Each structure stands twice: as C-alpha cells, then as structure tokens.
Participant: 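Quick one: this structure, given as structure tokens, is what I'll be asking you about.
Not measured: the values here are computed from a predicted model. Chain identifiers are assigned alphabetically (A, B, ...) following the order of the sequence lines, protein sequences preceding nucleic acid strands; residue numbering begins at 1 within each chain.
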There are 2 protein chains.
Amino acid sequence: MDIFTALSDPIRRQLIEALWQRGPLSIKQLGEGLNISRQAVTKHLNVLIKAKLVSAEFSGKERIHQLNPRPMEQVALWLQPFAAQWDDRLSRLNTYLGEEHEQD
Amino acid sequence: MDIFTALSDPIRRQLIEALWQRGPLSIKQLGEGLNISRQAVTKHLNVLIKAKLVSAEFSGKERIHQLNPRPMEQVALWLQPFAAQWDDRLSRLNTYLGEEHEQD
DNA sequence: TTGACATGCAACCAATTGGTTGCATAAAGT
DNA sequence: ACTTTATGCAACCAATTGGTTGCATGTCAA
C-alpha cells in the first residue's frame with residue numbers, strides 16, 4: 001500500500017493524529033470520536049498498517065496500535081524539491097536541507 | 001478537492017514532477033511518457049487544477065499548464081509535528097522550524 | 001477552404017473505496 | 001458457567017476512481 005494513498009483519507013489522518021497525541025490505542029478507543037462503525041475504523045487502521053504507518057499487537061483481547069511516523073519521511077522527501085518556491089520559512093528549511101547535511 | 005487526495009495518485013505526482021522539471025506543458029506533451037489516453041491525462045490534470053496545484057490557460061489551441069507548488073506546503077505543515085521522530089537530518093529541520101521562525 | 005491537430009464533452013465500464021450489517025470467537029469480569 | 005467486551009471475517013452496497021471510446025469543436029498551416 002502506497003503511503004500517499006494511506007494519507008489521502010481524512011479519517012486516516014485523524015487516526016494518525018490521535019495516535020500521535022494520545023499514544024497507543026485500541027480500535028475501539030480510536031473509533032470513539034469518529035462517527036463511523038467499528039469495522040470501518042478497523043479497515044482504515046488496516047490500511048495504515050499495510051502502509052507501515054501503524055503497527056499493532058494484541059494485549060489480551062485488545063489490539064493496540066502504535067504510530068510509526070518514520071515512513072512519512074518519504075512524503076517529506078518527495079515534497080522537498082518544491083519547497084524552494086514556498087514561503088520564506090519553508091524555503092529557508094529547504095536551503096538547510098540542501099546544504100551539506102545529507103546522510104543516507 | 002483535497003490536496004492529499006490529489007497527491008495520492010502516482011500519475012498525478014509524475015505530472016507534477018514533469019511540470020517542475022520541464023516547465024509549462026500542454027496536455028499532449030504531459031501525456032507523452034505516460035501509457036494512458038489523452039483523456040485520462042486530462043482528467044488527472046483537472047484534479048490537480050481543482051486542488052490548485054496546477055493552473056492552466058490556453059495559448060491558441062493548446063492548454064498550457066503550470067505548476068503551482070505552494071499548496072503543497074499544507075502537506076509539509078501537516079507532516080511537521082511527526083518529523084521529530086524521523087532521522088537526524090529531518091529532526092534537526094523540525095527543531096529549526098520549531099524555533100522562533102514562526103510567521104503566520 | 002481543407003485538413004490536421006489539440007482539446008472538450010459525454011457515455012460507458014470495471015475495479016476500488018468507504019461504508020454498512022450479521023455472525024463468530026476469544027478474553028475478561030461477575 | 002454466564003455475560004460482556006473487543007475483535008475478526010464475510011457479504012453486501014452505493015459512490016467514486018481511473019480508465020476507455022466516439023464525436024464535436026476551435027485553431028493553425030498549407
């Protein structure tokens with residue numbers, strides 16, 4: 001599953017934000033704010049898992065999810081070249097990235 | 001049209017890259033590398049236009065497209081909070097952004 | 001003015017998406 | 001043991017997506 005696709009759904013982005021802000025959560029907990037069925041939440045989470053953005057493991061009967069934000073780096077790296085034409089702040093950031101800080 | 005959705009398709013990302021690298025191009029020119037019909041290219045371009053990522057105007061019989069990368073900033077800004085947990089380079093960048101450089 | 005070229009519009013189609021409901025199962029609480 | 005709770009699996013569905021083809025239109029070149 002492609003990461004850009006995984007991030008293209010607002011609900012999935014909300015799930016990511018929730019995990020970011022509130023730490024590891026179960027399916028039910030993650031679904032609480034959202035106005036969709038539990039199964040719909042599961043589907044979205046599975047998309048995120050396939051994209052490696054989220055990892056899950058069982059703790060008893062609960063499936064606990066954890067955010068794995070590193071894959072999102074790919075997106076940031078794709079965006080970089082274009083950043084030069086954005087606002088001042090981001091163009092300075094782009095300059096920064098373009099300096100001798102490469103490591104890979 | 002949501003920007004994340006616009007960026008979620010690989011062909012649309014290719015179109016963006018083409019406009020970035022080769023400058024303003026017509027529909028036909030943009031479709032040349034791709035193995036899909038002209039109309040499919042048009043559809044993708046229209047998605048990018050609705051997302052304000054691309055602007056187009058006619059020059060004679062040709063519709064010339066231009067990249068408008070600034071809207072992508074939104075994506076970068078969404079990504080930012082998570083960057084702290086990425087690699088060293090990006091976490092330093094995040095620190096940089098988190099300093100007193102805010103402006104908005 | 002005739003023909004070639006670049007495009008728009010519309011119909012159509014298969015596959016995917018995002019959602020649902022119903023039922024089954026395993027873990028935890030009483 | 002019984003009940004509740006959290007989940008998985010599968011079927012189903014409507015809407016959207018990404019693609020196609022056919023035909024119409026406006027522009028440019030000969």
Participant: Ignoring backbone atoms, establish whether B:H44 has a side-chain N or O less than 4.0 Å from OP1 or OP2 of D:dG19.
Facilitator: yes

Participant: Identify, between A:N35 and A:T5, the residue whose nearest nucleotide on DNA chain C lies closer to the 5' end.
Facilitator: A:T5

Participant: Between C:dG18 and A:R12, is there an OP1 or OP2 to side-chain N/O distance shorter than 4.0 Å?
Facilitator: yes

Participant: Using a cut-off of 4.0 Å on non-hydrogen atoms, how would the nucleic acid contact of B:K28 be classed: base, sugar-phosphate, or nothing?
Facilitator: sugar-phosphate

Participant: Once you round it to whole Å, what is the distance between C1' of C:dA6 and CD of B:Q29?
Facilitator: 11 Å

Participant: Would you kindly give the CG-to-P distance between A:D9 and C:dT16, to the nearest whole Å?
Facilitator: 18 Å

Participant: Would the distance check show the side chain of B:S37 and the main-chain N or O of B:A40 forming a donor-acceptor pair, the cut-off being under 3.5 Å?
Facilitator: yes

Participant: Please state how far atom CZ in A:R38 lies from atom C1' in D:dA6, giving the value in whole angstrom units.
Facilitator: 7 Å

Participant: Does B:Q29 offer a backbone N or O that forms a donor-acceptor pair with the side chain of B:S26 under 3.5 Å?
Facilitator: yes

Participant: Between B:S37 and D:dG19, is there a side-chain N or O to OP1/OP2 distance below 4.0 Å?
Facilitator: no

Participant: Quickly work out the B:D2 CG to C:dT17 P distance and round it to whole Å.
Facilitator: 16 Å

Participant: Is B:R12 reaching over with its side chain to a backbone N or O of B:L7, donor-acceptor style, under 3.5 angstrom?
Facilitator: no

Participant: Closest nucleotide of DNA chain C for A:V47 versus for A:S59: which of these residues is on the 5' side?
Facilitator: A:V47

Participant: Counting heavy atoms from C-beta on, name the nucleotide in C:dT7, C:dG18, C:dG8 closest to the side chain of B:S26.
Facilitator: C:dT7

Participant: Select one nucleotide: of C:dG19, D:dG18, D:dT20, the one nearest the side-chain heavy atoms of B:I36.
Facilitator: D:dT20

Participant: Counting only side-chain heavy atoms from C-beta out, which of C:dG19, D:dT7, C:dG8 sits nearest to A:E62?
Facilitator: D:dT7

Participant: Is the backbone of B:A56 close enough, under 3.5 Å, to the side chain of B:H65 for a donor and an acceptor to pair up by distance?
Facilitator: no

Participant: Please state how far atom CZ in A:F58 lies from atom C1' in C:dA26, giving the value in whole angstrom units.
Facilitator: 9 Å

Participant: Given atom NZ of A:K43 and atom P of D:dC13, what is their separation to the nearest angstrom?
Facilitator: 13 Å

Participant: B:L25 versus B:E32: any side-chain heavy-atom pair under 4.5 Å?
Facilitator: no

Participant: In whole Å, what is the span from the CD atom of A:Q39 to the P atom of C:dA24?
Facilitator: 15 Å

Participant: Using OP1 and OP2 only, check whether a side-chain N or O of A:K61 sits under 4.0 Å from D:dT7.
Facilitator: no

Participant: Measure CG/B:L45 against C1'/D:dG18 and give the value in whole Å, please.
Facilitator: 14 Å

